[in-house]
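I have placed the structure first, in the form of structure tokens, so that the comments after it can refer back to it.
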Amino acid sequence: MEKSSPLLEERKKKIEALRALGVSLYPAGYHCDLTISEAVDRFGKMDSESLAKGTGSFSIAGRIIAIRDFGKASFIHIRDRTGSVQA
């Protein structure tokens, strides 16, 4: 057998550490809190001050339809079954 590289050994240690913490390395499925249209309805009319004061978090899921990279600024367009949003 060949000797493992230091990089592979480090990765194996990280995998074992995550498993010991109960982290699923390849989870099946994804929990989604809001659809895109619900997020737009909930946050679309808020001003920047109100949005900055928000402390909650949520998750959305969808397909990345487009990626636009302008050097320092990048944008993605995400679409789900209810609509699309730019981030």
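All residue numbers refer to positions in the sequence shown, counting from 1. Keep in mind that what you see is a predicted model, and the values were worked out from it rather than measured.
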field: Partner residues of Ala66 under the side chain to side chain contact (heavy atoms under 4.5 Å, CB included) criterion, sequence neighbours left out
entry: His77
- line: residues 29-59 vs ring-ring contact (aromatic ring centres under 6.0 Å, His included), sequence neighbours excluded, gives Phe43-Phe58
task: Give a yes or no on this: more than 12 heavy atoms of other residues, nucleotides or ligands lie within 6.0 Å of atom CZ of Arg63.
output: no
Nearest-0.5 Å distance that lies between atom CD in Gln86 and atom CD1 in Ile78: 10.0 Å
- prompt: Other hydrophobic cluster members with Ile65, side-chain heavy atoms of Ile/Leu/Val/Met/Phe/Trp/Tyr under 4.5 Å, chained?
  reply: none
- request: May I ask you to list the residues sharing a hydrophobic cluster with Leu8, side-chain cutoff 4.5 Å, ordered by chain and number?
  value: none
Which donor-acceptor pairs under 3.5 Å do side chains of residues 44-56 form with protein atoms, sequence neighbours excluded?
unit_1, atom_1, unit_2, atom_2, d
Asp47, OD1, Ser50, N, 3.0
Asp47, OD1, Ser50, OG, 2.6

- prompt: Is Val40 linked to Ile64 within one hydrophobic cluster, defined over Ile, Leu, Val, Met, Phe, Trp and Tyr using a side-chain heavy-atom separation of less than 4.5 Å?
  reply: yes
task: Check side chain to side chain contact (heavy atoms under 4.5 Å, CB included) between Asp41 and all other residues, then give those that pass, not counting sequence neighbours.
output: none
message: Under the salt bridge (Lys or Arg N to Asp or Glu O under 4.0 Å) definition, can you give me all pairs with a residue in residues 20-37, not counting sequence neighbours?
response: none
message: Ignoring hydrogens, what is the shortest heavy-atom contact between Cys32 and Ala61? Give both atom names and the distance.
response: SG-N, 3.6 Å
task: Under the side chain to side chain contact (heavy atoms under 4.5 Å, CB included) rule, collect the residues that match up with Thr82, sequence neighbours excluded.
output: Thr35, Ile36, Ser37, Asp80
In residues 10-28, what donor-acceptor pairs under 3.5 Å come from side-chain atoms, sequence neighbours left out?
unit_1, atom_1, unit_2, atom_2, d
Glu10, OE2, Lys14, NZ, 3.4

